[in-house]
Number of protein chains: 2
Amino acid sequence: MHHVIVDGVLDLIGGGATLTSLSLVDVARRTGISRNSIYRRWHSKDELFSDVVKSMTRPLPDLTKQSARENLVTLMDVSFDRVTDQRERRMAETIVAEAQNFPDLHEQYLAEIVAPLNHAMKLAIRRGKEIGEIRPDIDENLLCDVLVSCTFAQSSTNFTEGLDLESANRRKIDLVFDGVSPM
Amino acid sequence: MHHVIVDGVLDLIGGGATLTSLSLVDVARRTGISRNSIYRRWHSKDELFSDVVKSMTRPLPDLTKQSARENLVTLMDVSFDRVTDQRERRMAETIVAEAQNFPDLHEQYLAEIVAPLNHAMKLAIRRGKEIGEIRPDIDENLLCDVLVSCTFAQSSTNFTEGLDLESANRRKIDLVFDGVSPM
DNA sequence: AAGTTACGCAACATAACTGTTCCGTTATAT
DNA sequence: ATATAACGGAACAGTTATGTTGCGTAACTT
């Protein structure tokens with residue numbers, strides 16, 4: 001039941017609803033569960049949304065590869081998968097867009113979804129430095145920012161025309177590693 | 001009057017409202033203009049929003065510098081300024097988040113806001129290739145995607161801690177140009 | 001089998017936005 | 001000065017969500 005409702009919320013958000021506009025009436029209609037039962041379980045929309053975000057957390061892969069490039073591509077792919085999922089992407093977009101209306105939810109999102117990816121990225125970068133694959137003078141925050149941006153922004157703007165999504169992350173990593181200047 | 005209402009909408013969106021949740025009652029209250037007058041001028045919320053997006057278009061700077069790095073930094077700064085503006089950033093985020101509910105608006109946003117920046121970026125990249133500042137084998141779409149992502153994503157995730165925003169764009173350009181691998 | 005828990009259905013008052021209408025007032029133009 | 005256009009105020013019915021309550025039923029426990 002819990003899972004059905006959380007799932008229904010994700011469906012509705014994925015279908016175009018907004019955190020503000022989503023009504024518990026909609027959720028009840030969608031899931032076939034009485035509005036009453038929903039009110040019994042969650043005392044506010046915020047609590048329900050919090051459980052939805054909790055359901056979105058997934059374990060990140062371990063950094064098993066020896067190559068920093070490989071590890072970073074893996075992380076970007078994971079993040080990209082998440083962005084590719086219509087429901088979770090829309091949920092994330094809506095949380096960002098309505099951060100002011102749901103500040104706690106936004107914070108939870110940053111802490112449970114964004115931060116872990118960020119942390120793993122930095123770890124991979126640091127290891128890349130240790131094994132001499134990344135120059136030691138590179139700003140970890142800056143590089144991390146660039147890479148995470150690439151996976152997140154892809155959804156926000158549809159400017160990616162004629163870009164092979166399968167290999168995009170790998171090619172972006174190569175681009176950032178090798179640079180675009182002539183040797 | 002026209003301008004006052006459009007401005008009021010931007011204020012409200014910037015203050016946390018959603019395209020869906022924003023009511024013309026709110027707009028009337030905010031602007032002090034009677035709800036009646038608003039209905040007379042715009043027959044739907046979509047038309048009003050369309051004018052709001054129109055008000056957000058700004059001319060992009062010409063690519064006057066000789067250096068591709070400089071031109072690209074300039075473009076990223078312009079884009080970053082836009083993202084820094086609380087109202088326009090929120091408007092953009094909301095349009096993306098509610099693309100399904102307002103497909104025409106989303107298309108207009110892509111065409112009038114995103115596409116021009118994208119186009120200018122690619123032009124700058126192409127010139128960089130011509131003058132030998134960028135390797136000819138670099139995929140323009142890929143590079144453009146990475147750079148535009150950086151400016152757009154900055155808003156979506158607040159992972160940018162300890163990053164000097166003033167110089168961030170320049171340093172990102174340098175990072176992408178020079179690469180992170182040891183020479 | 002009896003008790004507890006969870007659920008669905010229905011109703012309720014309250015509140016908010018919509019779209020439209022009618023009417024009075026204030027500018028603006030010629 | 002007078003006609004036209006633009007505006008504000010107020011009211012209207014229709015729709016929708018909220019939060020709560022009462023009641024009947026189904027399932028699960030011991």
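Just so it is clear, the values below take in all heavy atoms, side chains as well, and ignore hydrogens, waters and symmetry mates. Proteins get letters first, then strands, A, B, ... in listed order; numbering begins at 1 in each.
Arg29(B) is linked by a side chain to side chain donor-acceptor pair (under 3.5 Å) to Asp26(B), counting only residues two or more places apart in sequence or in another chain. Shown here are the side chain to side chain contact (heavy atoms under 4.5 Å, CB included) partners of Val73(B), two or more places apart in sequence or in another chain: Asp77(B), Arg170(B), Ile173(B). A search for side chain to side chain donor-acceptor pair (under 3.5 Å) contacts involving Asp104(A) returns nothing, not counting sequence neighbours. Every residue meeting the side chain to side chain contact (heavy atoms under 4.5 Å, CB included) condition with Arg87(A), not counting sequence neighbours, appears here in chain and number order: Asp7(A), Leu10(A), Asp11(A), Asp85(A). By the side chain to side chain donor-acceptor pair (under 3.5 Å) test, Gln108(A) is found to be paired with Ser50(A), Glu112(A), residues two or more places apart in sequence or in another chain being considered. Among residues two or more places apart in sequence or in another chain, the side chain to side chain contact (heavy atoms under 4.5 Å, CB included) test is passed with Thr94(B) by Ala97(A), Ile13(B), Thr18(B), Leu19(B), Arg90(B), Glu98(B). Judged as a side chain to side chain contact (heavy atoms under 4.5 Å, CB included), and not counting sequence neighbours, Pro103(B) has no contacts.
Look at Arg171(B) and Asp174(B) and you find no salt bridge, because none of the NZ, NE, NH1 or NH2 atoms lies under 4.0 Å from a carboxylate O. Here Asp137(A) does not pair with Lys129(A) in a salt bridge; the nearest charged N to carboxylate O distance is not below 4.0 Å.
Heavy-atom neighbours of Glu107(A) CD from other residues, nucleotides or ligands within 6.0 Å: at or below the threshold of 12.
End-to-end axis angle of the helix from dA1(C)-dT30(D) to dT30(C)-dA1(D), using five pairs per end and rounding to 10°, comes to 30°.
Applying the ring-ring contact (aromatic ring centres under 6.0 Å, His included) test to every pair with at least one member in residues 29-56 of chain B, sequence neighbours left out, gives these pairs: His2(B)-Trp42(B), Phe49(B)-Phe102(B).
Within residues 32-43 of chain B, the residues having any heavy atom under 4.0 Å from DNA chain D are, by residue number, Gly32(B), Ile33(B), Ser34(B), Arg35(B), Asn36(B), Ser37(B), Arg40(B), Arg41(B). DNA chain D lies under 4.0 Å from at least one heavy atom of each of the following residues of residues 13-24 of chain A: Ser23(A), Leu24(A).
With contacts defined as side-chain heavy-atom distances shorter than 4.5 Å, the pair Arg82(B)/Ser79(B) does not qualify.
Think of the region where chain B sits on DNA chain D: with heavy atoms and a 4.0 Å cut, that region ends 5' and 3' at dC7(D) to dA11(D).
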